[in-house]
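All residue numbers refer to positions in the sequence shown, counting from 1.
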Amino acid sequence: MSKKEKEEFSIEILRHSCSHIMAHAVKELFGDVKLGIGPAIENGFYYDFHKKEPFTPEDLDKIAKKMKHIIKSNLPFERIEMDKKEAIKSLEDNNESYKVELLKEIPDEKVSFYKEGDFIDLCRGPHITSTGQVKYFKLLSIAGAYWRGDEKRPMLQRIYGTAFGSKEELDNYLYILEESKKRDHRKLGKELDLFSIHNEAGAGLVFWHPKGSVIRNVIEDFYKYEHAKRGYQFVNIPHVLRLDLWKTSGHWDFYREYIYSPMDIDGQEYIIKPMNCPGHILMYNNKKHSYPELPIRWAEFGTVYRYEKSGVLHGLMRVRGFTQDDAHIFCRPEELEDELTALIEMVLFILRTFGFGDFDVYLSTRPEKYVGSLQNWKKAEDALKKALEKSKLAYKIDPGEGVFYGPKVDIKIKDCLGRAWQCSTIQVDFNLPERFNVTYIGEDNAEHEVIMIHRALMGSLERFFGVLIEHYGGAFPVWLAPVQAKVMTITDKQKSYAQSVKKKLFDADIRVEEDFRNEKIGLKIREAQLQKIPYMLVIGGREAENKTVAVRKRSGEDMGAISIDDFIGTILQEIDKKT
């Protein structure tokens, strides 16, 4: 085990032990609670409790105070083994029905508990030596959680917390949490009027407002331009397709839990599409293709629909209807490595243009349930490895996390707070071409099977937009900003000149708004800053007389009075550079 692995393992043990201390404190304070589970998770821990009355923020303070007392007592963690039958009886006597359910599923005849003082909990361990080893922890929040993630089971109360090995690490994490709250895309999406989700329409379905749609259109235009330069053509397919298509593709067998129920249309079963690949295959198979035509690169902003449990839906990050920046490449075996290398370079260019420079890259290999031959899986994995190595991109192997039809490369972008987000994916597929008989005529005039590459560079527009909102805190770079400049007057006397300024900006393809209200200029500037508009052009008597504009940035910087032509030149240069 490497030093880093040991450190991660140690912090996991510390956090799991802290969850036991929290459960100990809860049982002492609220004796009638039943215990669920309390694992360590990334960046923290939680414990689920069955309690009649809801926990309150004041309760968290009481629990934290009690935890500190338990920690100060420096109670040793003692491992105790029991016969399974004896353990079940003990838990039943203590009315711990959730623990009994878990225990009955353990196949071993002997099971382990961990004891600290008077508190004992079913656990396989390991734990730290004593409670006194916990130095730096914080209880964070309360949430609801269905028992074992099943919506048909009781709703428990989950308390989240975190623990670190040093005060500096804890303080840094708490700072990131506070910054995350300020940058929460759901909060900013409402404040900046970018998007909404309506219970009346259905959970996980996104409505793009005018300003959000402006950003979406800018993203799509940039995307289409860069793809056209690289030989892609854009296509569109229907939103509903016959169920038989998804049985042939294998999605019905391997992906059914995410597919909405079939609908009957004229006695045939159709489903709303969960992905786009079978539709692109049908178009490819519409005619015979010869080797000089390959590679064929087809892209689509394809909206798809997948069932997600309500408990995992989260703003734009996890939805039920989303638009993929999807593309499929049909190529020959000898073209595969070059296509993959070009794809990786393209992914990095796109992501860096949007302001992301730090990535985690994973090569996901064959899962337990898969289709196709082992030989083809090995070819696909080897091709991805070679492309990654040729691109000099550091990566980790993610065993068993490939999709059922092929291995993939996942590129996670890191935002300004260092949080990783899954966006880009590149998948090699030898299997769907075989299932759908996707071929081309080779130089030998014989039919050969095509290799298919599935890829999405931004993943879904919804999630990518959510990440952009949080990365920039809503203060988008000028080229993405829905409103790039706002023209505002000090008095009504400047209205005529201000309208001419606005027209000149509009004619220069600058996204501009006006604020000619009879309000104090300080109020107008503050409101524009709250809307995170990059530039405010203030026009008073002097500016109207001299045919200039007084330019202020949203940061508060005053650029002084300049000619409108100079301002247009400056902002267009900024837009062109995409800085």
Does this structure show an ion pair linking Lys386 with Glu389, if we count only N-O contacts that are shorter than 4.0 Å?
no

message: One thing to verify: whether Glu269 and Arg242 come together as a salt bridge, which I'm taking to mean a side-chain N less than 4.0 angstrom from a carboxylate O.
response: no

Q) With the threshold set at 4.0 Å, does a side-chain nitrogen-carboxylate oxygen contact exist between Asp171 and Lys167? A) yes

I'd like to know if Lys385 pairs up with Glu381 as an ion pair, taking the criterion as any Lys NZ or Arg NE/NH1/NH2 lying under 4.0 Å from an Asp or Glu carboxylate oxygen. no

Under 3.5 Å, which donor-acceptor pairs do the side chains of residues 359-367 form with other protein atoms, sequence neighbours left out?
residue : atom : partner : partner atom : Å
Thr365  : OG1  : Gly400  : N            : 3.0

With sequence neighbours left out, the residues meeting ring-ring contact (aromatic ring centres under 6.0 Å, His included) with Tyr395 are none

field: Residues Asp83 and Lys110 bridged, charged N to O under 4.0 Å
entry: yes

Can you list, pair by pair, the side-chain donor-acceptor contacts under 3.5 Å of residues 463-470, counting residues two or more places apart and other chains?
residue : atom : partner : partner atom : Å
Arg463  : NH1  : Gln422  : O            : 3.0
Glu470  : OE1  : Arg419  : NH1          : 3.1
Glu470  : OE1  : Arg419  : NH2          : 2.9
Glu470  : OE2  : His185  : N            : 3.0
Glu470  : OE2  : His185  : ND1          : 2.9

_Are Tyr46 and Tyr160, when compared by the centres of their aromatic rings, separated by less than 6.0 Å?_
yes

Just checking, Lys34 and Phe49: is the charged tip under 6.0 Å from the six-membered ring centre and within 45° of the axis? no

ring-ring contact (aromatic ring centres under 6.0 Å, His included) assessment of Tyr370 paired with Phe254: CA-CA 8 Å; Tyr370 65 93; Phe254 288 87; 8.7 Å; no

Notebook entry, point to check: Can a cation-pi geometry be assigned to Arg15 and Phe164, taking NZ or CZ under 6.0 Å from the six-membered ring centre and within 45° of the ring axis?
Noted result: yes

With no hydrogens and no angle check, just 3.5 Å: does a side-chain donor-acceptor pair link Arg216 and Thr323? yes

**Study point:** Asp410 bridged to Lys412 by N-O distance under 4.0 Å
**Key:** no

Next item on the list: Assert yes or no for the condition that the ring centre distance of Phe356 to His471 is strictly below 6.0 Å.
Entry: yes

The reported gap from CZ in Phe45 to CG in Leu139 (rounded to nearest 0.5 angstrom) is 5.5 Å

Review point. Does the side chain of Met452 come within less than 4.5 Å of Ile281's, by heavy atoms?
Key: yes

